Peer 1: 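My questions will all concern the structure given below.
Please read these numbers as outputs of a predicted model, since none were measured by experiment. Labels below follow one simple rule: chain letters A, B, ... track the order of the sequence lines, proteins then strands, and each chain is numbered from 1. Below, all heavy atoms of this structure are taken into account, side chains as well, without hydrogens, waters or symmetry copies.
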Amino acid sequence: MTSLSSFDQKYTPGNIESKWQKKWSKDLVYKVDENSDRKKWYELTMFPYTSGDIHIGHWYAMAPSDAHARFMNMIGFNVLHPMGFDAFGLPAENAAIKGGKHPKSYTESNMHNMRRQLKSMGNMYDWDREIVTCSPEYYKWNQWLFLQLYEAGLAYRDFAPVNWCPSCNTSLANEQVLDENRCERCETIVARKNVNQWLFRITKYAEELLDFSKLQWPEKINIMQSNWIGRSTGVEFNFDISEHNLPQETLTTFTTRIDTVFGVTFIVMAPEHHLVKSLTIQEKIEEVERYIEHSSNQSELERLSTEKEKTGVFTGSYCINSLTGERVPIFIGDYVLASYGTGVVMGVPAHDQRDFEFAKKYDLNVRVVIAPDDWEGQDFTEAFVENGKQVNSGKFDGMKNVDAMEQIANFVEDEGLGNKATQYRIRDWLISRQRYWGTPIPIIHCNICGTVPVPEKDLPVLLPDDAEFRPTGESPLKLKESFVNVDCPNCGKSASRETDTMDTFVDSSWYQFRFISPNFSDAPFDKNLLDIWGPVDQYTGGAEHAVMHLLYARFFTKALRDIGILNFDEPFIRLFNQGHIISGAHKMSKSRGNVVAPDEFVEKYGADTVRCYLMFIGPWSQGGEWSDDGIKGMWRWMNRVWNITSRDFSKLDNINLSDESDMKLVRLTNQTIKSVYEDLKKFKFNTSLAILMQFTNDLNAIWEMKNIKRETWVKAIESLILMLSPLAPHITEEMWQKLGNNFSIHGQKFPSWDEDLLKEDLITLVIQVNGRVRDTMEISLETDESEINQLVLNSTKIKKHTDGKKILKTIYIKGKLINIVVR
RNA sequence: GCCCGGGUGGCGGAACGGUAGACGCGCUGGACUUAAAAUCCUGUGCCCAAUAGGGCGUGUGGGUUCGAUUCCCACCCCGGGCACCA
């Protein structure tokens with residue numbers, strides 16, 4: 001314990017922070033030890049897109065997760081907490097088209113700046129592990145993994161109508177189309193377009209993706225994913241169309257309400273259904289074709305109008321409901337989607353609101369088959385969709401519809417009229433992008449051999465550097481003959497290369513595994529190391545990725561497991577979603593002019609203050625509002641911590657020692673350590689900091705008394721610094737050294753506490769009369785209840801409220817409170 | 001419309017069913033200073049009161065309980081997600 005008068009100087013974060021950052025880097029303080037015998041902890045933050053700037057939102061995502069990772073390290077885990085860049089994607093290419101800057105150099109200079117900014121945060125990243133998704137070393141494995149999926153039948157090509165963003169000039173996956181059919185990137189309204197597309201068969205995993213039992217994720221995300229996958233169980237029921245002499249004798253519908261099958265009065269097919277033409281009678285052809293034309297030409301805006309009328313056209317044909325023997329008219333209508341279920345629905349107007357509206361418009365029969373409790377045979381004014389009793393349903397009459405549901409389904413199966421079935425809303429993941437700045441899909445199209453995978457030895461298929469970027473939005477790869485023209489690896493004849501590139505979400509579906517062996521050149525990851533580190537123990541990031549990145553990464557993990565290249569089921573065991581940082585009650589945006597630039601504040605107050613302020617604003621999960629005034633409070637506290645640590649501790653020697661005060665400080669230190677430990681573990685940074693602030697306030701008061709042992713004081717101060725070190729790594733490193741300890745504080749253990757030293761010998765007993773606080777009293781925990789009763793009833797403050805009243809009962813909660821009920 | 005969150009001082013926010021408002025911002029007053037800034041000390045939910053004290057208070061209305069910000073029911077408002085999915 002050295003004398004500290006020598007560092008009684010001002011806190012200058014600028015010097016301190018750059019000094020320690022250099023030292024940490026030089027001494028490899030954050031180098032991950034792969035041979036440690038400590039338990040592993042892989043904590044990952046969603047890596048940033050190379051937009052060019054680390055803004056306050058990035059800080060808000062990364063500073064707290066770094067603090068948590070550091071904390072896990074301090075409590076004994078061997079921590080992997082890497083960082084890299086999501087470096088492919090459209091903005092770089094758009095910059096190329098606009099400004100003539102190549103996407104590669106654009107991205108590289110952005111990364112250069114972002115790396116500098118990230119380093120200024122002082123995070124525990126091991127930069128030797130950095131991964132950059134646009135580097136050939138990375139995307140080679142994207143291509144390799146694509147080929148594995150292709151071989152396993154999980155990647156396929158299809159010609160189908162897809163979401164097309166006219167502004168981005170590319171197709172999009174369903175997940176990437178937002179509310180009101182807007183593009184996830186640019187919010188332009190997407191169109192439908194028929195294109196040849198590559199897809200990943202995520203639907204094969206629909207059922208398994210609904211199983212969240214191995215995950216500790218926020219319920220909200222699980223619900224969002226469940227909704228997106230959209231499982232519904234029901235029956236595929238066949239209507240007889242044998243009278244039309246077509247190759248198939250039945251028309252299959254999907255319904256979740258087989259209990260209403262006796263109420264079918266019409267059938268509606270999607271306009272795109274392949275049987276529409278053959279089922280349309282001569283006289284109706286013109287009208288039907290006009291309708292098909294109309295619905296395909298409808299603008300997206302029209303289709304979106306909320307109260308859109310249900311429309312359709314009669315095909316002139318009928319089918320037979322084999323359960324009733326009835327002939328039922330077949331319509332086409334655009335409220336039926338070709339892509340869901342069988343593309344055909346049975347119309348039950350009495351029990352489905354859409355069918356009801358359709359029936360009213362086209363004057364179709366409404367037959368009640370589920371009766372409401374008080375129903376007396378009157379007509380419905382809207383569909384009745386609740387539960388009731390079966391009527392007009394043959395031998396099922398009188399049953400509760402929920403019971404009849406199962407029985408009719410069984411009956412249908414027994415009679416060979418259909419089968420129970422499960423449908424999912426989720427579609428296969430469309431990964432083709434008609435753009436340059438992404439991973440080339442490693443496929444060659446040969447006129448003779450067809451679709452030929454690029455042989456593994458030829459990977460990576462490199463993006464040509466000298467592509468031409470035209471403002472027309474055409475893919476530069478299409479125009480690049482030296483890229484397109486290639487010999488077929490199979491027959492050697494001239495063939496053409498696939499020019500689509502992959503969705504950048506492919507890159508981020510497995511990057512978490514690449515971090516485990518970022519420079520491994522034999523495979524996407526070193527399996528031995530993956531066995532040690534995988535999967536990610538704690539993932540943190542925004543909830544906006546619920547049905548995109550997070551779902552894709554789960555799919556990838558399961559697919560790679562089945563292919564046999566990894567052996568667990570989920571990529572991210574625990575997930576924490578941080579909230580958003582806002583400014584002036586609004587989301588930050590350049591157009592609003594309310595963007596907070598972290599660099600500015602780092603320069604003014606230092607990274608430690610910015611980190612801690614962000615963590616102090618409120619619960620991390622809820623986000624919070626940035627305040628230029630608020631951060632001043634954190635700056636003041638940081639200085640108070642500096643000052644209290646910088647004092648000359650020898651002033652505590654040879655003075656009037658009070659054992660009681662000393663014991664109080666011991667207790668306070670122990671209590672503080674326990675509380676901070678528990679809060680940090682749970683990401684409750686705001687309350688951790690509040691407790692530490694309270695601790696420094698108390699320490700300041702204690703210092704004034706100077707009646708404690710020097711060693712007790714030093715223990716308290718060192719505990720303070722250690723507890724603060726994951727949150728504010730620089731100032732605490734400086735303090736640690738100034739206190740005479742060895743480099744580095746970031747190799748130290750989190751201070752421990754002794755349960756026996758937590759207990760207060762006196763507690764404040766709250767005294768209530770009729771549930772209202774009237775007095776308090778310092779008592780020993782050992783005082784027995786009858787004695788307390790005496791004390792309480794003798795209190796003058798209490799007497800005021802009990803005199804002349806009858807005491808009905810007293811409730812005593814040990815060590816806390818006593819409540820006297822009077823009347 | 002359906003499914004999640006969330007409504008607490010002037011503000012950000014704390015509170016295992018047990019003293020509501022910890023901690024911080026802002027503001028009062030004071031110290032230091034020629035002065036300002038910075039820093040330190042003091043007070044700070046609202047109303048009445050000089051103080052003591054009393055009353056009222058966690059979106060609204062009910063309920064359970066000795067006791068409710070916390071649990072239950074109904075409703076209102078805000079944020080997010082989904083929305084012709086048969």
Peer 1: Expressed in whole Å, how much space separates the C1' atoms belonging to G12(B) and A83(B)?
Peer 2: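 Roughly 35 Å separates the two C1' atoms.
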Peer 1: Reckon Thr764(A) touches a base, only the sugar-phosphate, or nothing at all at heavy-atom distances under 4.0 Å?
Peer 2: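 Touches a base.
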Peer 1: Touch check for Arg427(A), heavy atoms < 4.0 angstrom, all strands: base, sugar-phosphate only, or nothing?
Peer 2: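 Since a base atom lies under 4.0 Å of Arg427(A), the category is base.
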Peer 1: Is it the case that G18(B) (base atoms only) and Gln768(A) (side chain only) share a donor and an acceptor within less than 3.5 Å, ignoring hydrogens and angles?
Peer 2: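 Yes, a donor-acceptor pair under 3.5 Å.
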Peer 1: How close or far is atom C1' of U19(B) from atom CD1 of Ile798(A), stated in whole angstroms?
Peer 2: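 Answer to the nearest Å: 12 Å.
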Peer 1: Assess whether one donor atom and one acceptor atom, taken from the side chain of Asp629(A) and the base of C25(B), lie less than 3.5 Å apart.
Peer 2: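 Looking at the base of C25(B), it does not pair with any donor or acceptor on the side chain of Asp629(A) (distance under 3.5 Å).
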Peer 1: From G26(B), C84(B), A14(B), pick the nucleotide closest to the side chain of Lys632(A)?
Peer 2: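 Of the options given, the side chain of Lys632(A) lies nearest G26(B).
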Peer 1: Mind checking Lys797(A) for me? I need base, sugar-phosphate or nothing, with any heavy atom below 4.0 Å counting as a touch.
Peer 2: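 The answer is sugar-phosphate, as Lys797(A) gets under 4.0 Å only of primed atoms, P, OP1 or OP2.
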Peer 1: In whole angstrom, give me the gap between the C1' atoms of C32(B) and U39(B).
Peer 2: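 9 Å, rounded to whole Å.
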Peer 1: Under 3.5 Å, is there a donor on one side chain and an acceptor on the other for Ser786(A) and Tyr812(A)?
Peer 2: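 There is no such pair between these side chains.
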Peer 1: Can you tell which of A83(B), A22(B), C3(B) lies closest to the side chain of Arg425(A)?
Peer 2: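 So the nucleotide nearest the side chain must be A83(B).
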Peer 1: Rounded to whole angstrom, note down the C1' distance from U69(B) over to A22(B).
Peer 2: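 Their C1' atoms lie roughly 15 Å apart.
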Peer 1: Determine the interatomic distance between C1' on U51(B) and the same-named atom on G24(B); round to the nearest Å.
Peer 2: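 It comes out at 30 Å once rounded to the nearest Å.
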Peer 1: Any Lys/Arg nitrogen of Glu785(A) or Lys814(A) sitting under 4.0 Å from an Asp/Glu carboxylate oxygen of the other?
Peer 2: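 Salt bridge: no.
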Peer 1: Distance check, C1' atoms only: G9(B) and G57(B), in whole angstrom units.
Peer 2: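 These two C1' atoms come out 10 Å apart once rounded.
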Peer 1: Please work out if His351(A) contacts a base, only the sugar-phosphate, or nothing of the nucleic acid, heavy-atom cut-off 4.0 Å.
Peer 2: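 Result for His351(A) = nothing.
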Peer 1: With Arg554(A) as the cation and Trp228(A) as the aromatic partner, state whether NZ or CZ is under 6.0 Å from the six-membered ring centre and within 45° of the axis.
Peer 2: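 Because its charged atom misses either the 6.0 Å distance or the 45° angle limit, Arg554(A) does not stack over Trp228(A).
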Peer 1: Just checking, Arg611(A) and Trp59(A): is the charged tip under 6.0 Å from the six-membered ring centre and within 45° of the axis?
Peer 2: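 Negative - Arg611(A) is either too far from the ring of Trp59(A) or too far off its axis.
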Peer 1: Can you tell which of A83(B), G18(B), U39(B) lies closest to the side chain of Ile811(A)?
Peer 2: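 Output: G18(B).
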Peer 1: Considering every strand and a 4.0 Å limit on heavy-atom distances, what is the contact class for Val773(A): base, sugar-phosphate, or nothing?
Peer 2: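 Sugar-phosphate: the residue Val773(A), judged by heavy atoms under 4.0 Å, touches backbone atoms but no base.
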Peer 1: Which is true for Ser627(A) with a 4.0 Å heavy-atom rule: it touches a base, it touches only sugar-phosphate, or it touches nothing?
Peer 2: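 No contact.
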Peer 1: More than 12 non-hydrogen atoms from neighbouring residues, nucleotides or ligands closer than 6.0 Å to NZ on Lys651(A), yes or no?
Peer 2: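 Count not over threshold, so no.
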